[in-house]
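Bear in mind the structure is a predicted one, so any value in this text is a computation, not a measurement. Throughout, a chain's letter reflects where its sequence line sits, starting with A, and its residues are numbered from 1.
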Amino acid sequence: MSVIQLAGIERVFHLGDSTVHALTHLDVGIDAGEYVAIMGPSGSGKSTLLNLLGLLDRPNAGSYHLEGRDVTTLTPDEQAAVRSRRIGFVFQSFHLVPRLTAAENIGLPMMLAGIPAAERAQRVTQALNDFGLAPRADHRPDQLSGGQRQRVAIARATIMQPAVLLADEPTGNLDRATGDDVIHLLETLNGRGMTLIIVTHDQKIGSRARRQLLMEDGALKSDSARPSVAT
Amino acid sequence: MRNADVLRFARDAAAGYPLRTSLSVLAMAIGVAAVVVLTALGDGARRYVVNQFSSLGSNLVIVLPGRSATGGFSPANALTTTPRDLTVDDAFALTRLPSVRRVAPLTAGNSEINANGRLREVVVAGTSSTYIDIRSFKMAAGRFLPAADWNRGAPVAVIGSKIQEEIFGGRSAVGELIRLGDRRLRIVGVLKSVGQGLGMNTDEVVFVPVGVAQSLFNTNTLFRVLIEARSRDELEAVKREVMAALKARHGGEEDITVITQDAVLATFDRLLRALTAAVAGIAAISLAVAGILVMNVMLVAVTQRTAEIGLLKALGARAATIRDAFLAEAAMLSLVGALTGYGLGLFGAFVLRQIYPVFPAYPPDWAVVAALGTALGTGLLFGIMPARRAARLDPVQALMKH
Ligand SMILES: Nc1ncnc2c1ncn2[C@@H]1O[C@H](COP(=O)(O)OP(=O)(O)O)[C@@H](O)[C@H]1O
Ligand SMILES: [Mg+2]
């Protein structure tokens with residue numbers, strides 16, 4: 001069963017007089033539990049695609065079905081609810097709230113979702129243990145190493161047990177060894193059934209994924225799962 | 001997001017930027033404190049004046065010589081002493097008017113009292129036995145002036161408590177002989193202290209029969225005639241009757257002014273309330289300025305925290321949640337500022353009362369409510385724009401700001 005189904009997606013940006021076709025004629029299906037790497041040169045539309053998948057952006061044309069439901073026609077509040085419950089984001093620059101502790105950052109999605117404080121505390125403690133962050137619970141982001149920050153970010157992205165985890169260059173700000181740790185962590189989560197989609201321009205990381213999507217000029221150039229598409 | 005969490009989030013956000021937060025709190029506090037202190041001052045002045053007039057006695061009608069220019073009351077002619085012919089006979093004629101309960105003539109001047117080997121300058125008030133009831137004074141010792149023919153008058157005197165104290169000390173003055181100018185008088189009573197009355201301190205006055213005072217000052221005119229109406233409802237009737245009676249006696253000339261305590265009070269009250277309101281209005285401008293500062297502080301906050309807003313949206317925050325969080329933060333800055341300012345203002349009023357104990361410098365309730373309300377209102381009002389700007393931010397753009 002496909003968790004994500006994109007059909008005829010177009011995304012056009014207008015910059016002054018010029019128009020940029022960031023995504024053109026995009027048809028992609030991703031099954032539940034898949035591990036997908038989106039690759040391609042800079043400016044090829046990888047981030048734009050990930051933002052669309054994460055409902056942070058709307059396509060100019062085409063349809064997007066998430067878990068069988070057309071999500072492009074949802075109201076902004078309905079989309080926010082989908083982001084809250086079904087989608088997790090991991091960013092290159094971590095995006096932790098600087099004044100909040102590691103524990104508070106991890107609990108943030110639950111707080112936004114209106115989950116009671118007691119349940120939040122319990123789930124945060126669980127997550128801190130699972131991600132090896134327990135000793136760092138009360139540290140603020142500036143007291144954490146890059147690897148620890150990204151682990152906090154991943155714990156936060158998964159605390160609501162989303163169906164899809166989207167990671168845009170998650171190792172971009174990390175050294176090789178720490179980056180590998182983060183990738184292993186994401187793969188472990190994927191191993192437990194979470195659909196994992198990673199944007200990367202690192203060949204080595206990309207090749208670890210079971211499926212590679214190669215983007216070029218806003219179009220899908222090749223899909224390792226469907227070699228016939230490559231033209 | 002739960003309301004408690006919105007508040008906690010807003011509080012932590014405000015606490016996360018201490019300089020910004022304390023600046024806007026300070027601005028709001030100064031605005032509220034200014035309103036509280038200035039209205040305390042204005043209302044204190046009003047209460048002071050009202051108290052002074054109230055101490056004159058109730059149902060009081062005052063006749064003064066000279067026609068008031070406007071026909072109404074103005075504070076200026078309450079203080080003039082233009083001598084026009086207002087005589088003891090005029091005053092006595094008023095005792096027969098139907099709505100009048102009591103009449104007391106009043107003539108006044110300065111003289112020297114010589115008693116118990118001491119000499120002192122005093123105010124001498126010539127009046128009648130009725131004066132004490134009209135003014136509702138109490139005796140500390142002895143009796144007030146005896147009832148007698150106003151044109152003659154026995155050689156007696158009643159002294160204020162301060163004179164008793166300064167000249168006789170702890171010893172009883174009743175029965176003592178004094179010299180007042182070229183008169184020898186016997187003290188028949190001492191008044192209980194009443195403190196400062198408007199214009200003259202009754203504790204430092206020597207009361208003598210009006211006839212004695214007139215011959216002492218070699219005059220046959222009166223300074224005032226005090227009248228007590230039978231009831232509050234008859235104040236206007238008294239005014240009318242007095243006017244008519246004296247006009248008839250003065251050959252058709254309306255050469256007197258009749259004022260009621262109510263009118264005097266109402267005028268001062270209105271005047272000083274208007275003054276207080278004006279002062280409050282001026283102080284409120286500083287509240288509006290503080291509101292604008294809160295708005296700018298919140299706009300800076302939105303800019304500073306653009307990436308955070310993008311993140312919150314990515315994590316599933318609805319636009320309304322983000323708006324509420326920023327609005328709550330603006331409200332908190334205003335609320336803390338307003339309460340701090342209220343505390344500062346009360347302290348300021350307290351200091352004023354310590355420095356000027358006679359001055360009841362308490363802020364009026366309406367001013368406190370208005371100041372706190374305006375502070376919160378402007379804070380929220382000026383918080384709406386930044387909050388909506390935050391809520392409307394495009395998440396993708398916002399996330400790119402770092
Ligand atoms: N908000 C935007 N406004 C205008 N052009 C944009 C915007 N976002 C992306 N683009 C353009 O769309 C294309 C794809 O961008 P992006 O998805 O960020 O590429 P990638 O992540 O693969 O490097 C680029 O040409 C970029 O300049
Ligand atoms: Mg990118």
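Among the candidates B/Ala319, B/Ala317, B/Gly16, the residue making the largest number of heavy-atom pairs closer than 4.5 Å to chain A is B/Ala317. The choice from A/Leu55, A/Asp57, A/Leu108 that makes the most heavy-atom pairs within less than 4.5 Å of chain B is A/Leu108. Top candidate by heavy-atom pairs under 4.5 Å with chain A, chosen from B/Ala320, B/Ala314, B/Ala13, B/Ala325, is B/Ala314.
Smallest separation of non-hydrogen atoms from A/Leu133 and A/Gln148: CD2-O, 4.1 Å. Of all the heavy atoms in A/Leu128 and A/Ala137, the pair that sits closest is CD1-CB, 3.5 Å. In terms of heavy-atom proximity, B/Val35 sits nearest to B/Ala371 at CG1-CB, 3.7 Å.
For A/Pro162, no part lies near chain B; criterion is any non-hydrogen pair under 4.5 Å. For B/Ala15, no part lies under 4.5 angstrom from a heavy atom of chain A. No part of A/Arg140 comes within reach of chain B, as not one of its non-hydrogen atoms sits under 4.5 angstrom from that chain. In this structure, chain B has a heavy atom under 4.5 Å from the side chain of A/Arg156, while its backbone stays farther away.
Within the cation-pi definition used here (under 6.0 Å to the ring centroid, within 45° of the axis), B/Arg46 does not qualify as a partner of B/Phe268. Annotation: cation-pi pair B/Arg353/B/Phe350 absent, no NZ/CZ under 6.0 Å from the ring centroid and within 45° of its normal.
B/Thr321 and B/Asp324 share no donor-acceptor pair across their side chains, judged by distance under 3.5 Å alone.
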